[in-house]
Amino acid sequence: MSLMAVLALVVPAAIYAAAPLMLTALGGLFSERSGVINIGLEGLMVVGAFSAIVTTLTLEAAGVGAASTWIGLLAAVVIGALFSLIHGLASIHFRADQVVSGVAINLLAVGLCVFLIKLMYGKGQTDYISNRFYRFDVPVLSDIPVIGPLFFSSTYITSFMAIALAVIVYFVIYFTPFGLRIRSVGEHPQAADTMGINVTRMRYIGVMLSGAFGALGGAALAVTVTGNFSGTTIAGQGFMALAALIFGKWHPLGAMGAALFFGFAQALSITGAQIPMLSSVPSVFLLIAPYVLTILALAGFVGRSEGPKALGSAYLKGSR
Amino acid sequence: MSYVIEMNGIRKEFPGIVANDNITLQVKKGEIHALLGENGAGKSTLMNVLFGLYQPEKGEIKVRGEKVNITDPNAANRLGIGMVHQHFMLVEKFNVTENIILGSEPTKGGKINLKKAAKEVAEISKKYGLAVDPYAKVEDISVGMQQRAEILKTLYRGADILIFDEPTAVLTPQEIKELMGIMKTLVAEGKSIIMITHKLKEIKAICDRCTVIRRGVGIGTVDVADTDTQQLANMMVGREVNFKVDKTRSNPKETVLNVSDLTVKDSRGIEMVKSLSLNIRAGEIVGLAGVEGNGQSELIEAITGLKKIQSGTIELNGKKLNGLSPRKVTEAGVGHIPEDRHKLGLVLDFTVGENIALQTYYKKPLSKFFMMSYKAVYEKAEELIKDYDVRTPSAYTPARALSGGNQQKAIIAREVDRSPDLLIAAQPTRGLDVGAIETIHQRLVKERDKGRAVLLMSLELDEVLNVSDRIAVIYDGEIVDIVNAHETNEQQLGLLMAGGKAKAGETE
Amino acid sequence: MSRGRIFNIAIPLIAILLGMLVGGIIMLVSGYDPISGYSALFNGILSEPFYIGETVRAMTPLILSGLAVAFAYRAGLLNIGVEGQVLVGWLAAVYVGIVVEAPMIIHLPLAILAGAAAGALWAFVPGLLKAKFHVNEVIVCIMMNYVGYHVVNSIIRAYLIVPGERTDNIQPTASLQSAFLESITDYSRIHYGIIVAILACIFMWFLLWKTSLGYELRSVGFNQHASRYAGMSVGRNVMITMIISGSFAGLAGAMQGLGMYGYMTILTGFTNIGFDGIAVALLGANSSIGIFLSAFLFGGLKSGASTMQSQAGVPVELIDIVIALIIFFVASSYIIRWALLRIQKKKEGNQ
Amino acid sequence: ACGSGDDNSSGGGEAGEGESTEPSEFKVGMVTDVGGIDDKSFNQSAWEGLQAFGEEQGLEENTNFSYLQSGSLDEFEPNLRQLVRDNYDLSWGIGFLMEDAIRTVATQNEDAQLAIVDTVVNDADGNPIPNIANITFKEHEGSFLVGVIAGLRSETDKVGFVGGVEGELIKKFENGFKAGVKSVNPDAEIEVQYVADFNDPTKAQQIANTMYSNGTDIIYHSAGDSGNGVFTEAINRARNGENIWVIGVDRDQYAEGEYGTDESVTLTSMVKRTDQAVQIVSEDTMNGNFPGGEILEFGLDDSAIDIAESEQNLTDEDLSAVEDYKGQITAGEIEVPKTDEEYETFLETVE
Ligand SMILES: Nc1ncnc2c1ncn2[C@@H]1O[C@H](COP(=O)(O)OP(=O)(O)OP(=O)(O)O)[C@@H](O)[C@H]1O
Ligand SMILES: Nc1ncnc2c1ncn2[C@@H]1O[C@H](COP(=O)(O)OP(=O)(O)OP(=O)(O)O)[C@@H](O)[C@H]1O
Ligand SMILES: [Mg+2]
Ligand SMILES: [Mg+2]
């Protein structure tokens, strides 16, 4: 295979594998930038995948057709935001250890969603939705030499959504009053408070946005790749998204880059098994390559990655 | 008589403590009103009530004659009340302008209009003589500039009643002077100021009236012109206070610390200490005077092994300290009362006892063969708590629960008790009340008299002048001059600290 | 003072009750009978020797993975890599159990230590990177989980595979299994690993509260700057912490390999022992005794869940929900404490 | 209603004792793998078998026949034991992963009658265990047939195999398939890749993506849930007009491949009738013919292994070739390879 052929295989695959991670990492970014650790991203993805699939199936059964999937995504966003309120309530109002609360979210999400699936369908997994998202070639753009096949061919709409959202989030976080406020709340909540910013409200917004984005990430995975929901639809992607967030130093574009890096490393390791040059490499090396590369990158050039200053601590009025 | 602020019968409780009990505070328009009291007297609490951070249990507040209910800082802002907090309320990662506009950002098409804001900030800062760089990141600027940013925050919001909570505790003499100028300008513009401070001289210098609080209770309000510092101090503490540090002439012996040609870089790679040389002998206190940021901190960190040195040597009793780890330096006989007691000096979540063991936990009798004897730890702690008068419910209380002064006393107890040949005290009285300061100064002199070498780093000229035997003035990483404390005065030191060695000579 | 102590006991109990209560409501709403559901659950935890044995069996690795998480947490590190450390510990213990020929008195400790050592090695990577390059340990731990998973599987496949997608059985001399314990518990899979787990609890308590190393680790966990000022090497402490934490995790794996199974299978997914360890540790407030009790709760609920499924027809997922709720309520103990204080005040006021 | 038409199955087993039980008193239960009774795979199929059996005999669900779902590997043994303790006449373990659990339970309860699907359980000395019936399938034979179809239908002469986790069982699928392809199309290239996970459709999708991009036009998957990803990829491509196919596994997977109106990328599926086997053996047991200690190998000859009924995408030529080879295999003229070595030997006979 020529290099171009390999890239044409790997790059689009990297982009679509990265999309759910990107979306979820952006969610984590909102929460953590506001000062609330979110280890519950995995659970939020579960809730998103669940909501999207169940909504889509229900609407399809009601004859809604292709719009079902889009409404399913919307439902995921809303339900995800609501579900994340549990984490918000625990870590903002009840002063819970945010790591603990996040772990509880993960357990609760899988338990509850599978339990509900069993109640609703009498079995542990749903049927397949009929209106999945499929890959497409972007008209015109996909014909551009080199760039076309790499970035605009066989892409999912969710990939474009994710990248566009990353850019939007970047703008929101760094250039708008809302972004300035959410960052101030995560860095120095007392200061924000004295400036008349409602710390509690900002944190709830941060957490709910993480629910919305995390759920969208899970939903994106479900409607593109798996097409149905079961307890194993989300298997570790939430943790990878968390890793992407930290790897990307809590920066929207950084998180996007990290997610793409993960996607690329994984796609390469899979495709690698079929590249003549690499196919003689024992498969375990290819399997662990994405993770080892990440570690090496961190140790080598990414280095220290420090989160928002007030990350993880409940805000008590008047504390110093 | 009309008051801009009237706080009547304010009561504020915290779990287990009444921080403010029936306090009355009346501020006239256009005055600088001092609020005086020992550590923990309840000054900050009272001001936080005024600023809307706390809700009082009892009492009423009138602003410009009207009864108001200040529910949150926003409400205070709307009433034109601004506060410069004791611990700065600045987001370090933001630049000055971002900090100032936070919460009321000007926008253009949904985007923050930083340019416009910066221009506005520049205008205000020019008007009141508050020099700041609107685009500088807070983590990169001096404490003085940070404070100016804090003041700008309130002015930007149009405050005309300003609260300053211990504004001078962190400033250099020059900066204090500047601040006083600024405050006068502000009052001249018709603004009113409430200022919390422990420094009686400052009250005398610029305040019109002074309200004194003791243990949460209002003692009274006096016209500053009609009183002197001694009276103020007595009112505050409730007894006679002795300002002058009692000490005899020093009797220095052999050289203990010998620093020569020392160069140290900071984390950004800039040389903060440049070929510096300094000697300290047994039985003397050498004061290190200088404006903050001239290499004091780096010098001390280098001596104590916390910072790598670039070149030069540091010798203690003739033995090299260069390149030794902090543990080895400590063991060689250096005691260190660090500048930042919360960051370096204490493990706030440890008990007082555990904190007292911090330098010696690994040695007999506190531990044997890697086994800790907490019995020995707490026995030792009880002893030191008694000897050094650390006010704490018990040795098992977390250090976090102690007041700043008592935290400092615990650190001093720990460092002094090891009988180090060299005792380094960096800003040992920062933010403490006169009572606590008195004790600490006496302790330093006592150590000198026992034959220890003491290095006292302080930004307070008074302190340096009163406590030291010799004063080394540091400027831009170099010692510009060393003078005898009894042969110099504030003016001379001030000039030296500004880097003017030659000029200092001229004025003599 | 005594009020504090009463609260420390009351709050987890209230949290457990609240969790069960909400779980009961969920059962009721979804058409199950909460009373028969819960009675089946409790039957499945302690009603017969067999169930007691199974509960103990289930709690054994959870104690150890809980200790692993807690130990790191004490020193300010979030070891989310316990899962991977469990896997490598399991494999190493089984490997030594199969390959080495020695009398039990040597073989068994050797196999257990091999598990601990492998876990330690795996945890050392994030420890080292944190100490030397300031790399965030959470992310390296997550990566090491996946690396461990794939490496373990491929080692088994390449060198140790026997029919049944697993390794051979370990030799009896390396086994923690106990015919005696099994016989008194009606053939449950209880094994001597529980003793190892209890010893590990004592070890952690001892290390943290009786040794100077423990003092240092706690100090570093609370305040790195002050620790450095006091002459401690922060980096060294971070590495030691991760090594010890990883050893606990490796032991958890060894318990599976030497006690419960006697071999290791090719994995088809994570065991979740490590992830559950996070919950166990935090529910147990990172203390030895707390971890023991919360591992009991977890182990009991998990082993009782299948009885609940078989006898009352309630899906096992309900137990996951209940566990999550309990964790949630414990984490939110502030609000429970607040409510208790209110109630107490009212009572005092009425008197 | 015997017809477990395999030479091994004649004569009642030693443990069966020939006692037949009244249908209303007969109790049969199964323990599922973590997949549960709706995994669209062997657990589901086995449960369908029990349900069919129950319906035929007029038995009641939950009293006469029921299942227990395992939440993790740890739960196989207690679940099986639960059935035995509840006096089930026959307890099924579904899946080779239950080998050790069933061995232990069977040895401890000599009166119990157990059966396992997909593997053969022997005691430590390699002898059959008298109270376990072993049900296996000749998946390689079915895979051979779909291999024949793939060999005939590939236009690029490149076909692919995507496996879940590499191991003895899945190797049977792989080698049977490869042998089938080579039998009709000796020049065909066969790309083989394992996902290393039965549960990672994302990864499987990328594997399929690479294979199709490299010119493969037919992929046979045996990858459990991961197989989903293969279908996803194929549908994506088929919608763009590419002429590519997937061959399903275990059940008729025509529906999984559906897209647009009435089109499916599923060329055919290799069907394994676990349900039939379960039904037959349950019935035998009820009638007092428990085949304990025996190995029942279901294959093409008793239609427990076959290609799927959905034949929309097959040509007459395909079907006749299948019939032809089916005849040769059942007649013993072709010995379908199961392992890599057998495949190597097989290749020599083809060339
Ligand atoms: N957030 C709080 N929670 C509980 N108690 C508090 C809190 N803030 C202050 N206190 C208590 O209220 C009392 C008054 O504290 P305050 O901070 O007002 O003192 P202060 O006069 O400003 O002292 P200092 O000079 O040290 O700044 C103290 O004794 C302290 O224990
Ligand atoms: N969270 C808190 N809970 C209870 N008491 C507190 C709390 N924070 C502070 N205090 C109390 O408030 C008092 C004053 O605290 P403050 O932080 O103002 O100390 P300080 O003497 O001004 O020292 P510094 O300003 O140098 O830190 C202390 O007596 C301390 O016990
Ligand atoms: Mg104060
Ligand atoms: Mg103070």
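Note that the structure is predicted; figures quoted are calculated from it, not measured. Below, read A as the first sequence line, B as the second, and so on, with proteins coming before strands; counting in each chain starts at 1. Hydrogens, waters and symmetry mates play no part in the numbers below; they use all other heavy atoms, side chains included.
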Under 4.5 Å heavy-atom distance to chain A, tell me which part of [X] shows up: side chain, backbone, both or neither.
X       : answer
L129(C) : side chain
L78(C)  : side chain
V138(C) : side chain
L318(C) : both

Heavy-atom neighbours of F222(C) CZ exceed 12 at 6.0 Å: yes
Taking the side chain as every heavy atom from C-beta outward, state whether [X] and [Y] have any atom pair closer than 4.5 Å.
X       : Y       : value
F262(A) : M143(C) : yes
D97(A)  : Y73(C)  : yes
L298(A) : V140(C) : yes

To the nearest 0.5 Å, what is the distance between [atom1] on [X] and [atom2] on [Y]?
X       : Y       : atom1 : atom2 : result
Y146(C) : M240(A) : OH    : CE    : 6.0 Å
I327(C) : L107(A) : CD1   : CG    : 5.0 Å
R337(C) : R95(A)  : CZ    : CZ    : 11.0 Å
E137(C) : I246(A) : CD    : CD1   : 8.5 Å
I80(C)  : L242(A) : CD1   : CG    : 6.5 Å

If you take all heavy atoms of [X] and [Y], which pair is closest and at what distance?
X       : Y       : value
I321(C) : G111(A) : CG1-C, 3.6 Å
A299(A) : V135(C) : CA-CG2, 3.9 Å
A90(A)  : S332(C) : CB-OG, 3.8 Å
V151(C) : V284(A) : CA-CG2, 4.1 Å

Which one wins on heavy-atom pair count under 4.5 Å against chain A: [options]?
options                           : result
I139(C), V125(C), I319(C)         : I139(C)
I155(C), I142(C), I336(C)         : I142(C)
D276(C), L282(C), D320(C), I26(C) : L282(C)

Residue part contacting chain C, namely of [X], when any heavy atom lies under 4.5 Å:
X       : answer
V103(A) : side chain
L287(A) : both
A235(A) : backbone

Y32(C) and F115(A) aromatic ring geometry - parallel, tilted or perpendicular at 30°/60° bounds: tilted
Aromatic plane relationship, F94(A) with F328(C) - under 30° parallel, 30 to 60° tilted, over 60° perpendicular: tilted
Residues 80-89 of chain A: residues contacting chain C (heavy atom under 4.5 Å, by number): I86(A)
Check: F239(A) ring centre within less than 6.0 Å of F275(C) ring centre: yes
Residues H93(A), Y334(C); criterion side-chain contact (heavy atoms from CB on, under 4.5 Å); working and verdict: CA-CA 9 Å; H93(A) 259 109; Y334(C) 163 77; over 6 Å; no
